[in-house]
Engineer: 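Mind having a look at this structure? Questions to follow.
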There are 2 protein chains.
Amino acid sequence: MGVSALTVSRFFNHPERVSEELRQRIGEAVSALGYVPNLVAGSLASARSRIVGMVIPNISGPIFANTIQGFSDTLSRHGYQLLLASSYFSPEQEENAVRAFLGWSPAALVVTSHFHSEGTEKLLAGTDIPVVEIWDYQPERAPIQVGFQHYDVGEMAVRHLLGKGYRRIAFVLNSAAGDFSALDRRDGYAAILEAAGLQPWNFVPSIGSAPFEAGKEAMETLMQGTPKPDAIIFANDNLAAGGLLAAQRMGLRIPDDCAVMGFGDYAFAHMLLPSLSTIRPPSLAIGEMAALRVLESLGAIATTLPVQRLNRLECQLVEREST
Amino acid sequence: MGVSALTVSRFFNHPERVSEELRQRIGEAVSALGYVPNLVAGSLASARSRIVGMVIPNISGPIFANTIQGFSDTLSRHGYQLLLASSYFSPEQEENAVRAFLGWSPAALVVTSHFHSEGTEKLLAGTDIPVVEIWDYQPERAPIQVGFQHYDVGEMAVRHLLGKGYRRIAFVLNSAAGDFSALDRRDGYAAILEAAGLQPWNFVPSIGSAPFEAGKEAMETLMQGTPKPDAIIFANDNLAAGGLLAAQRMGLRIPDDCAVMGFGDYAFAHMLLPSLSTIRPPSLAIGEMAALRVLESLGAIATTLPVQRLNRLECQLVEREST
DNA sequence: TTGTAAGCGTTATCAT
DNA sequence: ATGATAACGCTTACAA
């Protein structure tokens with residue numbers, strides 16, 4: 001490069017400590033040669049990287065995409081990169097991903113929920129980088145928590161329906177096995193209903209059926225039985241959409257014959273006819289806040305220390321035509 | 001570790017070259033200590049990493065999530081990790097991401113479409129790692145191509161409608177600026193229509209309006225004018241959903257009064273009433289095939305060499321109730 | 001403000 | 001089958 005060597009490192013990391021003249025010359029050389037600093041070597045030397053790993057159940061579902069987006073965008077705005085893997089709710093896959101990520105000595109690690117394998121727990125406990133758990137909110141756990149409590153969501157749904165005068169409120173569970181969060185929502189639903197002196201009413205669709213079909217099955221079974229519910233809370237919007245469509249084809253008037261609530265506020269919720277009342281989880285906010293807490297922990301952005309460990313976010317009830 | 005040091009490297013990379021006894025002992029030590037090899041150091045020493053970078057316009061939209069999912073899953077199945085960034089269709093952001101990725105000396109790089117900044121082109125041309133361009137299919141370009149031609153999609157839609165007897169077929173463009181692919185689809189539409197001796201008919205919604213609203217605007221304007229179309233192709237499913245719902249509220253019968261086609265086969269397409277006929281792009285397959293081509297290029301999986309550079313995938317017409 | 005020397009934790013190369 | 005040694009391309013002292 002003519003004159004300097006180490007100064008190039010300063011040029012990239014502490015430009016203010018390089019003289020105007022050299023900055024100029026180095027800048028030119030860099031763009032002329034298309035030089036890109038080797039971050040691998042840099043990370044090895046400094047024992048820290050600007051990579052953050054995130055393990056999430058899936059990328060393409062309606063739930064997590066916004067979280068990833070918010071997380072990735074916030075990170076990259078501060079020069080950090082996202083290493084991403086999906087677990088499909090499998091603790092083993094999660095552990096593999098965490099292990100692989102750890103090998104990159106990431107600046108921080110984000111995992112979803114609090115259901116981890118023993119191995120994962122060990123790996124996470126053994127590292128000294130910031131660890132964030134998202135989506136579930138478990139104040140008693142050690143990692144930084146960013147999420148909400150599904151129990152509250154169940155309560156919120158019932159309160160809304162009770163306020164609108166509905167009394168015979170059924171809850172349709174998810175047909176997918178392993179959706180523990182839905183059970184939490186159901187528990188919140190049951191608690192409020194019982195507190196109001198009403199009877200909880202669970203419907204469990206055929207396990208393993210597609211959500212859309214399961215919702216249809218629930219609507220048909222419930223509305224052809226006796227007594228009928230006057231409102232149905234579905235474990236998620238996919239189920240609710242199936243129920244809504246089934247109701248249409250059965251000639252039912254929604255919400256007069258039966259109100260319908262979902263969970264998730266998936267993209268289509270406002271496009272259905274009638275549009276679907278639902279509860280919107282703070283997907284994007286979870287991703288963004290997780291990133292902020294990570295960046296704060298790393299000192300990449302200022303904070304009125306210490307970094308807030310418990311971050312409970314709010315779900316939002318979106319009232320539409322179906323209730 | 002008692003006896004060995006370098007052998008640990010072999011234990012991880014070429015276990016077959018380590019004696020049974022040592023393998024045993026190292027294995028125990030590794031799991032006892034929770035040792036995770038430092039991939040940063042390994043990459044520096046070997047000048048190659050098991051990281052693959054992908055830059056995609058967005059993560060949370062209905063389009064690309066499946067591509068990312070397929071890509072990530074296929075990679076991780078072979079021990080590679082995904083470094084992900086989104087560009088929001090901004091060439092500058094894309095260039096930043098590519099530059100940052102390149103610093104990690106990734107094993108390969110995947111970018112979306114062929115609209116890059118000069119800087120990006122230079123960076124890509126200057127590297128000797130495999131580069132894949134996805135979604136668009138541009139045979140004359142140098143990188144590996146995995147995608148489809150939007151022009152064909154326009155043709156496919158019109159052929160379907162003509163086959164069903166529709167003649168006055170309108171095309172509703174995207175309200176979002178910068179959607180060049182939609183223009184390609186429109187061109188394919190126009191070509192076939194003209195070849196059939198019919199008149200292309202473009203509708204351009206108010207620029208910048210939300211897709212759902214734009215679709216509504218299109219449906220109302222077109223169906224209140226004279227003459228009316230007997231079929232409408234929307235640039236994507238969001239627009240089509242808006243149109244469909246507007247038609248419902250206007251009391252139109254779909255498809256009798258007017259057929260409706262979308263593009264994308266978004267999750268809600270089959271949940272609408274009537275369900276939406278649309279064209280499904282090979283989102284997942286693009287991700288998976290991109291990963292396969294990358295892995296082949298790297299020798300991570302076998303191939304009947306050389307690696308296929310041109311990979312043209314098929315869109316699929318999904319006929320539902322709206323046509 | 002700039003430079004020199006050491007070393008980050010692996011793997012490649014060459015021996016044994 | 002295993003080991004010694006020298007890189008890999010930076011950053012962190014410390015010195016000039």
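Below, chains carry the letters A, B, ... as their sequence lines are ordered, and counting in each starts from 1.
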Engineer: Is there a side-chain contact between B:T7 and the phosphate of D:dG3, meaning an N or O under 4.0 Å from OP1 or OP2?
Structural biologist: yes
Engineer: For residues 44-54 of chain A, please give each side-chain donor-acceptor pair under 3.5 Å, one per line with the distance, not counting sequence neighbours.
Structural biologist:
unit_1: A:S46; atom_1: OG; unit_2: A:G42; atom_2: O; d: 2.9
unit_1: A:S46; atom_1: OG; unit_2: A:R48; atom_2: O; d: 3.3
unit_1: A:S49; atom_1: OG; unit_2: A:I51; atom_2: N; d: 3.3
unit_1: A:S49; atom_1: OG; unit_2: A:S105; atom_2: O; d: 3.0
unit_1: A:R50; atom_1: NH1; unit_2: A:H78; atom_2: O; d: 3.1

Engineer: The helix from C:dT1-D:dA16 to C:dT16-D:dA1: angle between its terminal axes, five pairs each, to 10°?
Structural biologist: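 The angle separating the two end axes equals 20°.
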Engineer: Starting from the 5' end of DNA chain D, give me the residue, B:E21 or A:L39, whose nearest nucleotide shows up first.
Structural biologist: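 In this pair, the answer is B:E21.
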Engineer: Output the rounded distance in Å from CH2 (B:W104) to C1' (D:dG9).
Structural biologist: 13 Å
Engineer: Taking atom C1' of C:dT1 as reference, at what distance in whole Å does atom CD1 of A:I26 sit?
Structural biologist: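 Spelled out: CD1 on A:I26 to C1' on C:dT1 is 11 Å.
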Engineer: Quick check on D:dC8: is either OP1 or OP2 less than 4.0 Å from any side-chain nitrogen or oxygen of A:N38?
Structural biologist: no
Engineer: Please round to the nearest 0.5 Å and tell me the distance separating atom CZ of B:R141 and atom CD of B:Q145.
Structural biologist: 6.5 Å
Engineer: Quick test of your reading: applying salt bridge (Lys or Arg N to Asp or Glu O under 4.0 Å), list the pairs with at least one residue in residues 297-315 of chain B, sequence neighbours left out, ordered by first then second residue.
Structural biologist: B:D152-B:R312
Engineer: According to ring-ring contact (aromatic ring centres under 6.0 Å, His included), who are the partners of B:Y266, at least two apart in sequence or on a separate chain?
Structural biologist: B:F268
Engineer: Are any of B:S19's side-chain N or O atoms less than 4.0 Å away from OP1 or OP2 of D:dT2?
Structural biologist: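 For D:dT2, OP1 or OP2 has a side-chain N or O of B:S19 closer than 4.0 Å.
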Engineer: What nucleic acid atoms does A:V40 come within less than 4.0 Å of, heavy atoms only: base, sugar-phosphate, or nothing?
Structural biologist: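 No contact.
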Engineer: For A:E94, which residues count as a salt bridge (charged side-chain N to carboxylate O under 4.0 Å, His left out) partner, sequence neighbours excluded?
Structural biologist: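 Counting only residues at least two positions away or on another chain, A:E94 forms no salt bridge (charged side-chain N to carboxylate O under 4.0 Å, His left out).
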Engineer: Give a yes or no answer on whether the side chain of B:T127 reaches the backbone of B:I129 with a donor-acceptor pair at less than 3.5 Å.
Structural biologist: yes
Engineer: According to the ring-ring contact (aromatic ring centres under 6.0 Å, His included) rule, which pairs have a member within residues 100-124 of chain B, sequence neighbours left out?
Structural biologist: B:F115-B:F180
Engineer: Residues in salt bridge (charged side-chain N to carboxylate O under 4.0 Å, His left out) with A:E21, at least two apart?
Structural biologist: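 Counting only residues at least two positions away or on another chain, A:E21 forms a salt bridge (charged side-chain N to carboxylate O under 4.0 Å, His left out) with A:R25.
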Engineer: Please report the distance, rounded to the nearest Å, between CG in B:L33 and P in C:dG9.
Structural biologist: 15 Å
Engineer: Quick one: is D:dG9 close enough that its OP1 or OP2 comes under 4.0 Å of any side-chain N or O from A:Y35?
Structural biologist: no
Engineer: What is the distance, rounded to the nearest whole Å, between atom CD of B:E16 and atom C1' of D:dT2?
Structural biologist: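 Nearest whole value for this atom pair: 14 Å.
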Engineer: In whole angstrom, give the distance that lies between atom CG of B:L44 and atom P of C:dT10.
Structural biologist: 12 Å
Engineer: Grab the CD-C1' distance between B:Q24 and D:dA1 for me, whole Å please.
Structural biologist: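 Atom CD in B:Q24 sits about 17 Å away from atom C1' in D:dA1.
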Engineer: Between C1' on C:dG9 and CG on B:N13, what's the gap in Å once rounded to a whole number?
Structural biologist: 13 Å
Engineer: Who passes ring-ring contact (aromatic ring centres under 6.0 Å, His included) against B:W135, sequence neighbours left out?
Structural biologist: B:F64, B:F148
Engineer: Produce the list of close N/O pairs, under 3.5 Å, pairing protein atoms with atoms of nucleotides 12-16 of chain D; give distances to one decimal.
Structural biologist:
unit_1: D:dT12; atom_1: OP1; unit_2: A:R48; atom_2: NH2; d: 2.8

Engineer: Separation of B:R25 atom CZ from D:dA1 atom P, in whole Å?
Structural biologist: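 To the nearest whole Å, that distance equals 16 Å.
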Engineer: DNA chain D: A:G42 or B:E20, which has the more 5' nearest nucleotide?
Structural biologist: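 Of the two residues, B:E20 wins.
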Engineer: To the nearest 0.5 Å, what is the distance between CG (B:L313) and OH (B:Y137)?
Structural biologist: 9.5 Å
